[in-house]
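Computed from heavy atoms alone, side chains included, the values below leave out hydrogens, waters and symmetry copies. By convention in this document, chain letters (A, B, ...) are assigned in the order of the sequence lines, proteins followed by strands, and residues within each chain are numbered from 1.
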Amino acid sequence: MSREKLSKIVDEAINKAAQEGKLPPFKPPRISLERPKRKEHGDWATNIAIKLASQLKMNPHAVAEIIASFVDAPEDVLSSVEVAGQGFINFHLAPEFLREILFEIDERKEKFGSSGLGKGERVQIEFVSANPVGPLHIGHGRWAAFGDSLARVMEHAGYNVEREFYINDYGTQMRNFGESISARYLQLLKQKVEWPEGGYRGNYITEIAKRIISEHGESFKSLSDQERTNHFIEMEYPLMLESIKKTLDRVGVHFNAWTSERELYRSGEVNETLSFLEEKEDAYRNEGALWLRTSRYGDEKDRVLIRSNGEPTYFASDIAYHRNKMNRGFDRIIDIWGADHHGYVARMKAAMKAMGYDPEKLEVILGQLVKLYRGGEPVTMSKRTGDLITLDELLDEVGTDAARYFFLQRSNDSPLDFDIEFAKKESPENPVYYVQYAHARISSILRHAEEKGTDTERPSRREVELLNSEPEMDLMRKLAELEELVEFCAEKRAPHRLTTYAEELASSFHVFYRDCRVVTEDAPLTRARLFLVECTREVLRIVLRLLGVSAPERM
RNA sequence: GCCCCCGUAGCUCAAAUGGAUAGAGCGACUGCCUUCUAAGCAGUAGGUUGCAGGUUCGAGUCCUGCCGGGGGUACCA
């Protein structure tokens with residue numbers, strides 16, 4: 001029973017009651033249905049009677065009784081309709097109806113829970129987008145996990161999703177990168193150098209410099225600083241990008257498209273964009289710089305596009321980038337940024353308007369930052385300190401499954417405290433194992449059945465009726481929630497809710513496992529329970545897949 | 001100063017257009033393995049949802065003010 005169908009039934013009940021004069025005339029209200037927290041309140045509940053009562057100046061309980069008496073649904077769908085509390089109407093689904101979910105799962109397999117909500121809308125999600133000037137750190141890991149799971153859940157909800165990584169391979173950070181390598185290179189060759197302003201002090205820079213010396217010796221020493229820096233940038237950033245890709249591979253994140261900032265310059269798109277803005281007089285010169293009139297479009301002040309020294313800002317190429325994305329025909333583009341870019345949102349939306357695009361098509365999801373601790377002591381994530389905890393190191397310590405699950409447990413606008421020691425120590429207790437264990441247990445049951453040569457025929461509908469105990473019904477109810485959950489996670493951009501569901505489903509299974517032996521001498525019951533268990537495994541697999549976590553056969 | 005996010009059990013966090021008795025995990029304590037995996041199950045303890053008002057039949061959720069933490073407020077990215 002979907003929310004939609006049930007709300008139609010309630011709507012009909014209200015109209016019929018009104019037609020027969022049991023309710024005075026009223027303005028038709030919006031019917032809301034919710035999943036009650038408490039089991040005894042049924043599978044669905046509506047507060048419509050309470051809402052109507054104040055309009056009708058009637059007792060809510062009485063209104064509820066009238067509406068409930070007009071609810072017309074087959075008994076094998078709704079087993080009971082009750083009035084409770086201050087006037088809630090509670091609906092209990094019939095066991096026959098709940099059992100149908102098993103046949104649906106069996107038929108749709110890995111597509112179960114998917115829906116047409118997204119209507120094939122083309123959505124692009126851009127995330128991680130790290131500067132290729134150093135290894136990915138823990139914060140990137142959080143956005144990689146979040147962005148990828150959001151993409152997966154939106155795909156399951158019927159959106160056509162593309163994942164994109166924007167490579168910031170142009171400008172200040174790249175120069176800092178090259179200058180840092182150059183400085184380390186000269187230092188290793190015993191030359192005194194002034195440390196570059198904004199240089200990266202991370203150990204990986206020293207490693208790169210050492211490798212350059214071992215491969216090329218002192219051959220770059222004689223170059224001018226400028227030449228050497230440029231040379232090192234060109235040599236090293238592609239390698240850094242490769243290593244970033246490898247790390248993303250380890251967390252199971254695969255991008256469909258990689259767009260390069262320098263390519264936007266090379267192709268002339270940045271210039272085209274700026275000319276376009278100048279022509280429509282949204283850009284103007286002042287104090288030697290080129291400004292965008294963002295204040296005209298809702299930003300608090302105007303922003304610089306080209307500095308007085310002639311260099312474009314990051315903002316300039318970012319506008320060109322968003323124009324590029326919009327021209328690729330997406331219905332919606334989602335940018336996932338760290339919360340430290342919050343001040344940038346109004347600016348980018350203003351730029352969208354200036355470019356003539358609907359700013360509503362750009363959705364920015366801000367993620368609170370990850371704070372890193374080691375044994376209770378804060379660890380800075382600055383690339384400059386050299387005390388850098390990389391995503392690779394984290395993956396080495398806690399594993400991919402635990403890392404992804406951990407990152408996804410919290411809502412994106414809640415800051416994440418990540419204690420390395422704690423994650424390491426507690427990893428065997430991590431809820432991810434609880435969920436995976438349910439999957440492994442099911443696999444074990446199925447192996448056991450196979451070894452015993454048990455008949456694994458699909459049960460008939462009559463045999464499935466043997467599934468009628470409390471734990472069995474609860475488990476089926478949980479299975480039936482998946483589609484609704486997927487739609488919720490997709491619409492609210494809240495993949496973290498998948499983890500809660502996964503744990504609830506695992507819990508329902510573990511309870512079932514304790515109370516109901518699957519493989520027994522009773523052939524029909526065994527067939528029915530094996531069916532239930534296989535369906536549960538299918539749904540666990542789907543959820544784990546959406547989370548990007550593996551579903552082990554054994555643990 | 002102004003803008004955004006957060007404040008829920010000892011700890012880390014959930015909680016659907018505002019709903020009925022605010023939930024998990026970890027940690028603590030008590031039981032349960034001759035039977036498909038005990039990485040499990042059942043139970044106990046733990047709360048004035050930061051504070052004060054307001055709206056509502058009804059507030060963790062919405063509004064106002066305050067307190068505390070974080071972030072932003074660049075011709076950085």
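- Listed candidates were B/G71, B/C36, B/A77. Nearest to the side chain of A/R347 is B/A77.
- With P as the reference atom, B/A15 and B/A24 are 15 Å apart, rounded to whole Å.
- Atom CD in A/E503 sits about 11 Å away from atom P in B/G40, given to the nearest Å.
- In this structure, NZ of A/K349 is placed 21 Å from P of B/G72, rounded to the nearest angstrom.
- Note on A/Y437: a side-chain N or O is less than 4.0 Å away from OP1 or OP2 of B/A39.
- Contact annotation for A/A289: base contact, defined as any heavy-atom pair under 4.0 Å involving a base atom.
- A side-chain N or O of A/D318 and one of A/Y344 form a donor-acceptor pair less than 3.5 Å apart.
- Comparing B/A20 with B/A59, their C1' atoms are spaced 14 Å from each other, to the whole Å.
- Residue contacts for A/E553: at a heavy-atom cut-off of 4.0 Å it reaches a base atom on one of the strands shown.
- Side-chain contact annotation: A/N47 with A/S32, donor-acceptor N/O pair under 3.5 Å present.
- Within a 6.0 Å sphere centred on NZ of A/K8, other residues, nucleotides and ligands contribute 12 heavy atoms or fewer.
- Nucleotides B/G10 and B/A74 have their C1' atoms positioned 43 Å apart, rounded to a whole Å.
- Under a cutoff of 6.0 Å and an axis angle of 45°, A/R285 and A/W291 do not form a cation-pi pair.
- Rounded to whole Å, the separation between the P atoms of B/G72 and B/G58 comes to 42 Å.
- Side chains of A/T259 and A/E164: a donor-acceptor N/O pair is present below 3.5 angstrom, by distance only.
- If you measure from atom CZ of A/R285 to atom C1' of B/C75, you get 13 Å, rounded to the nearest angstrom.
- The pairing partner recorded for B/G65 is B/C51, the criterion being a Watson-Crick or G-U wobble arrangement whose two distances lie under 3.5 angstrom.
- Only the P atoms considered, B/C57 is 24 Å distant from B/G65, to the nearest whole Å.
- The phosphate of B/C36 (OP1 or OP2) has no side-chain N or O of A/R514 nearer than 4.0 angstrom.
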Heavy-atom protein contacts under 4.0 Å, nucleotides 15-20 of chain B, coded B base, S sugar-phosphate only, - none: SBB-BB

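- With ring centers used as reference points, A/H510 lies under 6.0 Å from A/Y434.
- In this structure, OH of A/Y405 is placed 11 Å from C1' of B/A14, rounded to the nearest angstrom.
- Comparing B/A74, B/A38, B/C36 against the side chain of A/V518 picks out B/C36 as the nearest.
- When the C1' atom is used for both B/G40 and B/U48, the distance is 36 Å, rounded to whole Å.
- B/A16 and B/G71 are spaced 28 Å apart, taking the C1' atom of each and rounding to whole Å.
- Residue side chain A/E287 reaches the base of B/C75 through a donor-acceptor N/O pair under 3.5 Å, judged by distance alone.
- Nucleotide B/G60 is matched to nothing when pairs are restricted to Watson-Crick or G-U wobble geometry with both distances under 3.5 angstrom.
- Using Watson-Crick or G-U wobble geometry with both donor-acceptor distances under 3.5 Å, B/U35 finds no partner in any strand shown.
- Atoms CG (A/L408) and P (B/A24) sit 22 Å apart, rounded to a whole Å.
- Within 6.0 Å of CD on A/E457 lie no more than 12 heavy atoms contributed by other residues, nucleotides or ligands.
- Residue A/Y314 is classed as a base contact, given a heavy-atom separation below 4.0 Å to a base.
- Picking from B/C41, B/C36, B/G40 the nucleotide with the shortest atom distance to the side chain of A/S507 gives B/C41.
- Crowding of A/E4 atom CD: a count of heavy atoms from other residues, nucleotides or ligands under 6.0 Å not exceeding 12.
- A gap of 16 Å separates the C1' atoms of B/G70 and B/G50, to the nearest Å.
- If you look at A/W143 and A/F127, their ring centroids are not closer than 6.0 Å.
- With A/F509 as the aromatic partner, A/R441 does not meet the cation-pi criteria of under 6.0 angstrom to the ring centre and within 45 degrees of the ring axis.
- Evaluation of atom-type donor-acceptor distances gives a pair under 3.5 Å for the side chain of A/S308 against the base of B/C75.
- B/G43 is paired with B/C29 under the criterion used here, namely a Watson-Crick or G-U wobble arrangement in which both key atom distances are under 3.5 Å.
- Residue A/R517 is the one, among A/D302 and A/R517, whose nearest nucleotide of RNA chain B lies closer to the 5' end (criterion: closest heavy atom).
- Other residues, nucleotides and ligands place no more than 12 heavy atoms under 6.0 Å from the CD atom of A/E450.
- Applying the 90° criterion around 0 to the glycosidic angle, B/C33 comes out syn.
- In the set B/U12, B/C75, B/A39, B/A39 carries the atom at the smallest distance from any side-chain atom of A/Y433.
- When heavy atoms are screened at a 4.0 angstrom cut-off, A/Y513 is found touching base atoms of the nucleic acid.
- To the nearest angstrom, P of B/G72 lies 15 Å from OH of A/Y344.
- The interatomic distance linking A/I319 (CD1) with B/A77 (P) rounds to 13 Å, in whole Å.
- Between the side chains of A/N168 and A/Q173, no donor-acceptor pair is found at a separation under 3.5 Å.
- Atom pair A/M555:CE and B/A38:C1' shows a separation of 13 Å (rounding to whole Å applied).
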Protein-nucleotides 4-6 of chain B N/O pairs under 3.5 Å:
| from | atom 1 | to | atom 2 | distance (Å) |
| --- | --- | --- | --- | --- |
| B/C4 | O4' | A/H342 | NE2 | 3.2 |
| B/C5 | O2' | A/Q368 | NE2 | 3.4 |
| B/C5 | O2' | A/D413 | O | 2.6 |

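- Applying the 4.0 Å criterion to OP1 and OP2 of B/A77, one finds that A/T172 has a side-chain N or O inside that range.
- Among the heavy atoms of the strands lying under 4.0 Å from A/C516 is at least one base atom, whether or not backbone atoms are also near.
- Between the side chains of A/D282 and A/Y297, at least one donor-acceptor pair of N or O atoms lies under 3.5 Å.
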